[in-house]
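A, B, ... follow the sequence lines: proteins, then strands. Residue 1 opens every chain. As the structure is a prediction and not an experimental result, all values here were calculated from the model. Note that these values count all heavy atoms, side chains included, but never hydrogens, waters or copies made by symmetry.
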Protein chains: 2
Amino acid sequence: MDDYAAQAEERLRAAGYRMTRSRQQVIAALAATDRALSPYALIEHLRAGRPRTTPDVVTVYRVLDLLETLGLAHRVHTVPGWVACTWPETDGCHHHIICAECGRIAEVGGEDLAADLHTAPAGWTVRGHVLEYSGTCPECQVGGAGG
Amino acid sequence: MDDYAAQAEERLRAAGYRMTRSRQQVIAALAATDRALSPYALIEHLRAGRPRTTPDVVTVYRVLDLLETLGLAHRVHTVPGWVACTWPETDGCHHHIICAECGRIAEVGGEDLAADLHTAPAGWTVRGHVLEYSGTCPECQVGGAGG
DNA sequence: CTCGCTGCAAAAAATTTGCACATTG
DNA sequence: CAATGTGCAAATTTTTTGCAGCGAG
């Protein structure tokens with residue numbers, strides 16, 4: 001997944017952001033795991049590699065925020081944390097399947113699984129899911145106020 | 001939605017729990033709104049009714065936890081908070097659609113919407129969604145350890 | 001009357017904000 | 001050099017825990 005780091009850097013620069021040590025580290029950490037990482041967990045993960053320095057939690061929050069905005073990372077809720085986006089180039093839907101045992105996460109692309117919420121990717125077993133739509137309610141369709 | 005309160009009480013008792021003032025209040029608050037309520041927001045909501053007393057936040061957390069366990073409430077993530085479960089009797093899937101403008105939430109039952117993630121309930125417009133599956137990964141299928 | 005439930009105090013965890021200083025391009 | 005980005009301090013918010021006393025059944 002060195003691919004990811006390269007693509008992330010490209011996107012970052014394309015959007016006018018600078019490539020800094022902190023950002024590289026966060027990107028590297030996300031690329032190196034298939035579990036959800038909280039900011040603290042991410043730093044812990046980085047420390048294992050004994051780098052000269054590790055970014056501050058605040059910075060990690062800010063970088064994750066940026067990566068999310070750029071479509072390079074997703075926040076997951078079933079298990080709290082962030083994961084690298086496997087298909088940043090895809091603007092469409094990104095679904096995740098999270099192992100209840102070990103926390104491993106796989107990204108399920110596009111409309112896959114949409115047709116049958118109980119069909120899992122090869123090798124996985126689906127037990128349940130969380131599905132939340134965001135949209136506009138009838139009330140807010142018209143005026144826009146919404147009370 | 002007095003229906004909800006009645007059903008909630010029944011379920012609570014059936015499961016061997018006591019019906020207390022705090023629980024009644026939390027249930028009433030959930031029944032009275034179609035937005036996600038955080039524990040603090042829920043108490044705020046209750047205060048508007050000028051009751052003699054309002055439950056402590058800790059208690060609200062505990063009650064929400066219990067209601068979730070009993071299938072009487074759902075936690076939502078797109079907007080942080082809890083909502084009453086519209087169909088407690090349904091053991092199956094519960095999906096939510098949340099208005100990005102006003103926060104209004106509607107529950108979408110069963111497998112509805114599953115076939116086409118872009119089809120909305122009457123009057124609603126869908127913009128995006130969060131879909132997370134929980135399950136078991138290939139690694140954890142066998143041994144069960146999962147590393 | 002008994003055990004479950006609640007409130008209070010307090011700690012722990014998660015997230016946000018402001019500002020002076022360091023760094024990238 | 002001029003933004004842009006970072007660290008540090010600190011405040012805020014959210015969630016969890018322990019325990020003594022209250023109240024539902």
**Student:** With a 4.0 Å cut-off, would you call A/Arg75 and A/Glu68 a salt bridge?
**Tutor:** no
**Student:** Name the nucleic acid region contacted by A/Pro80, choosing base, sugar-phosphate or nothing; use a 4.0 angstrom heavy-atom cut-off, strictly under.
**Tutor:** nothing
**Student:** Please determine, for the side chain of B/Thr59, which listed nucleotide (D/dG7, C/dT6, C/dT15) has the closest atom?
**Tutor:** C/dT6
**Student:** Under 4.0 Å between any heavy atoms, over every strand shown, what does B/Arg62 touch: base, sugar-phosphate, or nothing? Just pick one.
**Tutor:** base
**Student:** I want to verify a distance call: between C/dT6, D/dC8, C/dG4, whose nearest atom is closest to the B/Arg18 side chain?
**Tutor:** C/dG4
**Student:** Taking CG from A/Leu64 and P from D/dG5, how many angstroms apart are they, rounded to a whole number?
**Tutor:** 15 Å
**Student:** Return the value, rounded to whole Å, for the distance between atom CG of A/Leu66 and atom P of D/dT6.
**Tutor:** 9 Å
**Student:** Rounded to whole Å, how long is the line connecting atom OH of A/Tyr40 with atom P of C/dA12?
**Tutor:** 14 Å
**Student:** Between B/Arg13 and A/Ser22, which has a closest nucleotide on DNA chain D that is more 5'?
**Tutor:** A/Ser22
**Student:** Which comes earlier along DNA chain D counting from the 5' end, the contact point of B/Trp82 or that of B/Met19, where each point is its nearest nucleotide?
**Tutor:** B/Trp82
**Student:** When the distance from CD of B/Gln25 to C1' of C/dC5 is rounded to whole Å, what number comes out?
**Tutor:** 14 Å
**Student:** Would you mind reading off the distance between A/Tyr61 atom OH and C/dG18 atom P, rounded to a whole angstrom?
**Tutor:** 17 Å
**Student:** Rounded to the nearest 0.5 Å, how far apart are CG of B/Leu131 and CG of A/Leu131?
**Tutor:** 5.0 Å
**Student:** OP1, OP2 of D/dT15 versus side-chain N and O of B/Arg75: anything below 4.0 Å?
**Tutor:** yes
**Student:** What I'd like to find out is whether the side chain of B/Thr136 reaches to under 4.5 Å of the side chain of A/Trp124, using heavy atoms alone.
**Tutor:** no
**Student:** I want to verify a distance call: between D/dA3, D/dT15, C/dC5, whose nearest atom is closest to the B/Arg23 side chain?
**Tutor:** C/dC5
**Student:** Regarding B/Tyr17, tell me which of base, sugar-phosphate or nothing describes its non-hydrogen contacts under 4.0 Å with the strands shown.
**Tutor:** sugar-phosphate
**Student:** Can you measure A/Glu68 atom CD to C/dT15 atom C1' for me and round it to whole angstrom units?
**Tutor:** 14 Å
**Student:** Looking at every strand, decide which applies to A/Val58 at a 4.0 Å heavy-atom threshold: base, sugar-phosphate, or nothing.
**Tutor:** base
**Student:** Regarding A/Arg127 and A/Glu101, does a basic nitrogen lie under 4.0 Å from an acidic carboxylate oxygen?
**Tutor:** yes
**Student:** Are B/His129 and B/His95 an aromatic pair by the rule of ring centers under 6.0 Å?
**Tutor:** no
**Student:** Would you mind reading off the distance between A/Arg21 atom CZ and C/dG25 atom C1', rounded to a whole angstrom?
**Tutor:** 18 Å
**Student:** Could you state the atom-to-atom distance from CG of B/Asp56 to C1' of C/dA9 in whole Å?
**Tutor:** 10 Å
**Student:** Does A/Thr20 make a side-chain N or O approach to OP1 or OP2 of D/dT6 shorter than 4.0 Å?
**Tutor:** yes
